[in-house]
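Worksheet: one structure, shown below.
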Amino acid sequence: MPSLITQLSHILGQVFESEGLDKSFGRVIVSDRPDLAQFQCNGAMAAARSAKKNPRAVAEVVVAKLKDNALFSKVEIAGPGFINLTLTDDALKNYVSSIVADPRCGAEKIAQGENVVLDYGGPNVAKAMHVGHLRSSIIGDSIRRILKFSGYNTIGDIHMGDWGTMMGMVISELELQHPDWVYFDKDYTGDYPTESPVTIEDLAIIYPKASGDSKAAPERMALSHAATVELQNKRRGYYALWQHMLRVSIESMKANFAALNVQFDIWKGESDVHDLIAPMVDDLKQKGYAVESDGAIVVHVKKNDDNKEFPPLILYKRDGGVMYGTTDLATLVDRMREYNPVKMLYIVDQRQNLHFNQVFRAGYITKIVPESVELNHLGYGTMNGTDGKPFKTRDGGVLRLEDLIAMGREKALQRLEEAHVGDDFSKEEREDIAMKVAIAAIKFADLQNNRIADYVFDLDRMTSFEGKTGPYLLYQAVRIKSLLDKAGYKTGGEIIISDIDRPLYLMLSELSEVIENAARNYTPHVICDHAYKLAQAFSSFYGNTHILSEENAAQKQSWLTLSAMVLAQLELMLNLIGVNVPKRM
RNA sequence: GGUCCCGUAGCUCAACUGGAUAGAGCACCUGCCUUCUAAGCAGGGGGUUACAGGUUCGAUUCCUGUCGGGAUCACCA
């Protein structure tokens with residue numbers, strides 16, 4: 001079932017076409033001036049330019065052909081050539097009735113199961129997750145949900161940092177601290193213990209020390225590099241220790257992501273493509289794509305028509321080590337082979353834009369990725385504090401992710417107590433509600449802006465739960481649930497449209513385009529925005545209209561149906577940004 | 001210095017990719033809980049869209065320049 005706006009665009013498009021003009025000029029959008037019309041088409045003005053005609057004259061012709069269409073109660077020309085459209089209530093009612101029982105709430109699909117790989121999250125093994133991982137995780141997860149709903153087969157890959165120098169740092173640090181451990185005995189040939197010798201808490205202390213020491217002293221760094229190389233050569237003891245750290249870290253990551261309600265389809269890491277690197281580089285050397293430069297092996301990615309510098313992608317450093325670009329290129333090999341996707345999307349900090357451009361160019365140049373596949377770096381800005389500088393805690397450290405979530409939950413619990421909401425709920429339910437409120441607040445605050453630039457992370461604002469926030473949306477959804485519950489609502493009945501509820505029905509008809517816009521441009525914020533507007537419009541209606549005391553039974557049933565539709569769309573949109581609604585709050 | 005991104009209300013952000021009167025939230029004022037959850041609703045003040053040109057019926061959006069902020073510029077990730 002095409003959306004209402006699709007249907008209208010089709011009708012207008014046919015009229016333009018019958019006049020020898022491109023049918024794309026018939027594109028209909030929601031009116032900017034609700035006081036004048038419900039929908040509008042600006043195509044006459046654009047068409048006039050290409051056809052060298054008067055815009056109003058073009059509009060006149062189009063309007064003349066729409067006059068007797070029974071869908072419209074009003075078709076007018078305004079200003080330089082805007083075509084203003086208003087539907088009859090019958091037409092609106094017909095459309096709304098057609099989506100009332102639709103689980104997709106009228107949203108069309110834009111894909112037919114094509115594979116899309118999304119790369120987000122990117123936590124590091126042995127390193128505690130902190131607020132820096134937040135944006136990638138929740139933006140990536142939301143885009144995954146949106147594309148999946150839109151008809152793609154999505155493959156969300158967590159792409160862990162599990163194979164770089166930091167692993168060598170930690171291993172060498174452990175060896176310095178515990179030289180007697182069996183993992184460091186080169187002559188040992190037996191089995192290693194099944195229990196990990198380190199916990200995630202240990203790692204949270206060890207990594208910063210190892211990293212700091214390595215950066216401070218070249219000879220300490222040399223140990224880290226040596227350990228990295230030995231690990232990558234799979235020295236038995238190191239590899240066993242690494243597996244322990246991997247397992248311990250994944251456990252901790254899973255707890256964090258479960259709390260955030262962020263999901264992945266596959267849990268691969270840099271280590272998974274390690275064995276692909278040597279054959280890949282050999283192959284590229286043979287084909288002439290990889291060449292020696294200054295002692296390193298590189299792929300040149302600068303094109304002739306570039307007016308800017310494009311450093312080559314380094315595959316092997318002068319010392320023979322590999323870089324993250326090497327791993328990323330090998331990951332392209334892996335993903336093409338495993339999934340043959342139409343798109344590969346990277347939700348990673350905008351600062352890595354140049355790096356990804358290098359990798360993508362190298363991917364196309366070497367034919368690892370065909371030109372038909374979209375490679376896209378969806379960058380996002382740095383998370384700043386209210387002072388405009390990169391976010392730090394009061395004592396200057398990084399805020400751990402679990403601490404952030406705990407802070408949000410505390411605030412929400414406090415709010416529940418103040419409002420005496422849930423005094424009679426079980427402790428478990430109150431905690432569950434607080435958790436959902438906290439997650440909604442954190443995610444909505446982040447996802448509501450589209451800025452590639454920076455993002456101001458303001459905990460106080462986020463947990464005030466007032467105004468345009470995630471908890472506001474939960475609150476409105478829960479109120480509707482409570483209303484339907486009290487009314488004992490069952491589906492059925494005619495939809496009756498009147499002045500006080502017409503804006504809401506019109507808004508319900510916009511969902512398909514909103515989600516399509518978000519899916520095509522990878523912009524979850526348009527969903528946040530529309531969800532907020534819908535919630536606000538309903539809240540206004542709810543405040544002015546007492547539904548349960550309505551005496552006209554048919555009217556009451558119609559309003560309950562409207563409420564149920566608003567709720568369904570709200571929950572759908574919240575789901576697309578990874579937010580769950582509690583039963584009550 | 002080269003390249004890229006950004007500059008919209010006091011603050012944080014939108015503006016359907018060139019459309020009509022630039023919209024929200026916070027903060028500030030005024031009302032509204034003995035009828036469905038006040039984490040709410042109704043209303044008010046607040047703008048030369050950094051600045052200067054250009055393109056056209058029409059510019060926050062596209063082009064040029066200036067100013068200001070940020071990022072990045074091959075052996076770290």
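The chains referred to below are lettered A, B, ... by the order of the sequence lines, with proteins before strands, and numbering in each begins at 1.
As judged by a 4.0 angstrom heavy-atom cut-off over every strand, H355(A) is placed among residues making no nucleic acid contact. At a threshold of 4.0 angstrom between heavy atoms, the contacts of D35(A) include nucleobase atoms, whether or not backbone atoms are also involved. As judged by a 4.0 angstrom heavy-atom cut-off over every strand, T386(A) is placed among residues making no nucleic acid contact.
Salt-bridge annotation for D529(A) and K533(A): present, with a side-chain N of the basic residue lying under 4.0 Å from a carboxylate O of the acidic one.
Residue-nucleotide stacking is not present for F82(A) and G19(B), judged by a side-chain ring centre under 5.5 Å from the six-membered base ring centre and planes under 30° apart.
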Next on the checklist: Generate the contact string for nucleotides 36-47 of chain B. Rules: B means base contact, S means sugar-phosphate contact only, - means no protein heavy atom under 4.0 Å.
Outcome noted: BBSBSSS-----
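For A20(B), its base never sits under 3.5 Å from the side chain of S31(A) at any donor and acceptor pair. In this model, a side-chain donor or acceptor of N84(A) finds a partner on the base of A20(B) within 3.5 Å. On a pure distance criterion of 3.5 Å, no polar donor-acceptor pair joins the side chain of R351(A) and the base of G70(B).
Applying the 90° criterion around 0 to the glycosidic angle, C63(B) comes out anti.
When only modelled atom types and interatomic distance are considered, H546(A) and S549(A) share a side-chain donor-acceptor pair under 3.5 Å.
Taking atom C1' on both A9(B) and G25(B), the two are 12 Å apart, rounded to the nearest angstrom.
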